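What follows is a single structure, written as structure tokens, with notes after it.
For ligands, and for the atoms within them, numbers begin at 1 and follow the listed sequence. Quantities reported herein were computed from a predicted structural model and do not represent experimental measurements. Heads up: numbering here begins at 1 and tracks the sequence.
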Amino acid sequence: MAELNSVELVVSARRLVTPQGVRAGVLHIGGGRILAVTDTDTAPAAVRRMDAGDAYVLPGLIDSHVHFRTPGLTHKEDWEHGSRAAAAGGVTTVLDMPNTVPPTLSPEAVREKAALIQGHSLVDHRFHIGVDPQRPELLAELDPGVATSAKIFMAGHHTAPTVVRDAAQLEKAFIAAAEGGVQLVLHAEDGELFSLLDGWWGEPDSYARYEAHRPRTGGIAAVAKVVELVRRHGARAHILHLSSAEEADLVSAARAAGLPLTFEVTGHHLSFTDADTKRLGARTRLSPAIRGQADQDRLWAALRAGLPSTLGSDHAPHTVAEKTRSVRQSPPGLPGVQELAVAVWTGMRRRWPEEDPDVAACRLARYLASGPAELFRLPGKGRLEAGADADLTLFSPDATWMLSAAQVYAKCGWSAYEGWTMTGEVLRTIRAGRVIWDRATRTFGAYDGRLLDSTAGG
Ligand code: DOR
Ligand code: ZN
């Protein structure tokens, strides 16, 4: 075990969440990696030590769906704030979305964005490149080093102007993605249907009517289209922020039949219902809209049955001034990277209080670490094992606390979860063996998060 000579940090825990399950053990860390996972502490006496006590030690969490708004929209969010929110939420890696100004539609734009972020992020990162509606065929040549995946917006709104509306262009994108072996991620709603409804009824002018104006039929129609395109062309497709029972059934059936189709569930679709949108208004105005209780129940059931591949926050902040515009003018989206893991943990403990917390912890690790790492091919990420990056999330499962605006690190300074009593707390977040969030002191680490490449890590 020559490697053990370079151990710099030892983390002892009663509850390490490993790919084989929860176990007591010791992580030997050096050079930013986990060098070994052992039963006992075999490191030299001089090495720094950390005792996680009763906290779960999860693999550093991965949020594969954030909008950190660089470039062009940094009045809403920037990487300092966004990555602080991530670190405080236990997240060590994010995948950022392309609906910026200008949009991230080319490898050059990705490189420019990466350069802007360097030195400003606490967390590791990669990107979803945007699909150019005028040139979807470019996907066939996309270098996998540039982006993990390519994002298609099938419906647009205030902050999502680059939409692939044309059926022929959409089909071209699937053909090119299949040819280039590119993973697609989709905002699958039927924008034409929404335009039709707005034409008939006028745009929504009250939050009581918001869901009806952006109904489930839009999602179901678009998901059906995606299923058919995947069936015909074979591209890998991941449906983002799936919001209704019917979509979950459709995607699950297609997947069971062998199609390379997966889906994401967001923290907010698990946490809120349309009744909250009536009360909270713009704060839970989202695209796709938050649906009813039955849909929320179905999404939780899907989670318990292991059906989604990832959980995402869709962290998409807007300023208070933007959110308090009239119903017609207010943009959809909320901050969520900080709240994601605790909100899901809170929901799991409340819904299934009899469940062994170790089972819940493994589920969290699967949806927020190994699942996204596998789907988006992030070597060295998502698993606590020898050779992996030393990204850890120390999570206290029983702590309860109330979320207030004062604790929000996103630049917008508000949260739809204000006033929620949370169960579970992120005590410490560690990236590459170094602390980037410490709950006791409310301090952060160094802004030297890495741009990951497809060959990085162990
Ligand atoms: O609610 C949303 N907000 N949905 C999206 O698809 C985009 C996001 C944003 O960027 O504001
Ligand atoms: Zn999004």
Side-chain angles (χ1 to χ4, degrees), residues 63-78 82 86 94-105 113 127-131 148-165 184-191 194 204 207 210-211 213-214 218-219 222-223 238-243 247 263-272 274 276-277 280-291 310-323 325 327 329-337 339-340 372 376 410-412 414-416:
D63 188 346
S64 49
H65 189 163
V66 304
H67 301 257
F68 279 180
R69 308 298 197 200
T70 294
L73 296 168
T74 51
H75 67 286
K76 296 176 193 281
E77 186 60 295
D78 57 36
V94 297
L95 302 186
D96 185 53
M97 285 294 173
N99 56 325
T100 48
V101 180
T104 321
L105 301 182
K113 172 147 97 171
F127 306 107
H128 304 281
I129 195 171
V131 173
T148 54
S149 33
K151 166 94 180 256
I152 296 181
F153 283 95
M154 293 167 73
H157 56 73
H158 311 65
T159 14
T162 311
V163 179
V164 183
R165 287 180 201 284
L184 294 174
V185 298
L186 293 113
H187 184 129
E189 288 193 289
D190 187 332
F194 296 162
Y207 285 109
Y210 179 67
E211 202 277 335
H213 276 252
R214 295 288 177 269
V223 168
H238 186 56
I239 309 276
L240 301 167
H241 37 47
L242 188 136
S243 65
E247 293 161 282
F263 70 92
E264 170 199 74
V265 176
T266 67
H268 47 265
H269 287 104
L270 291 167
S271 300
F272 301 104
D274 52 357
D276 294 306
T277 311
L280 293 168
R283 288 183 172 218
T284 49
R285 180 201 187 121
L286 288 147
S287 173
I290 298 283
R291 314 234 175 266
T310 64
L311 286 176
S313 71
D314 196 1
H315 180 87
H318 301 284
T319 65
V320 171
E322 289 164 337
K323 278 293 202 179
R325 287 180 192 151
V327 178
Q329 298 299 320
S330 172
L334 49 62
V337 68
E339 299 91 334
L340 177 62
F376 295 111
K411 190 171 185 178
C412 65
W414 60 271
S415 170

Query raised in the report: Does the side chain of Thr266 come under 3.5 Å of the side chain of His65 through a donor N or O and an acceptor N or O?
Result: no
Query raised in the report: Nearest to atom 11 (O) of ligand 1 by heavy atom, Arg69, His67, Lys76: which?
Result: Arg69
Query raised in the report: With distance as the sole test, does Glu77 use its side chain to make a donor-acceptor pair with the main-chain N or O of Phe68 at under 3.5 Å?
Result: no
Query raised in the report: Quick one: does His75's side chain get under 4.5 Å of Thr319's, heavy atoms only?
Result: yes
Query raised in the report: For the Zn ion (ligand 2), what is the closest N, O or S atom on Asp314?
Result: OD1
Query raised in the report: Taking atom types as modelled, is there a side-chain donor on Thr277 or Glu211 under 3.5 Å from an acceptor on the other?
Result: no
Query raised in the report: Of the backbone and side-chain N, O or S atoms of His241, does one lie nearer to the Zn ion (ligand 2) than 2.8 Å?
Result: no
Query raised in the report: Has ligand 1 got any nitrogen or oxygen that is less than 3.5 angstrom from a nitrogen or oxygen of Leu286?
Result: no
Report task. Please report which non-hydrogen protein atom sits nearest to atom 8 (C) of ligand 1, along with the residue it belongs to and the distance in Å to one decimal place. Result -> Ala316 CB, 3.6 Å
Query raised in the report: Any N/O/S atom, backbone or side chain, of His187 lying under 2.8 Å from the Zn ion (ligand 2)?
Result: no
Query raised in the report: Does ligand 1 have an atom that lies less than 4.0 angstrom from a heavy atom of His318?
Result: yes
**Report entry** Heteroatom proximity flag, Lys151 to ligand 1, N/O under 3.5 Å
**Finding:** no
Report summary line: Closest to atom 4 (N) of ligand 1 among protein heavy atoms sits Ser287 O, 2.7 Å
Report task. Indicate whether the side chain of Ser313 and that of Asp63 have a donor and an acceptor atom separated by less than 3.5 Å. Result -> yes
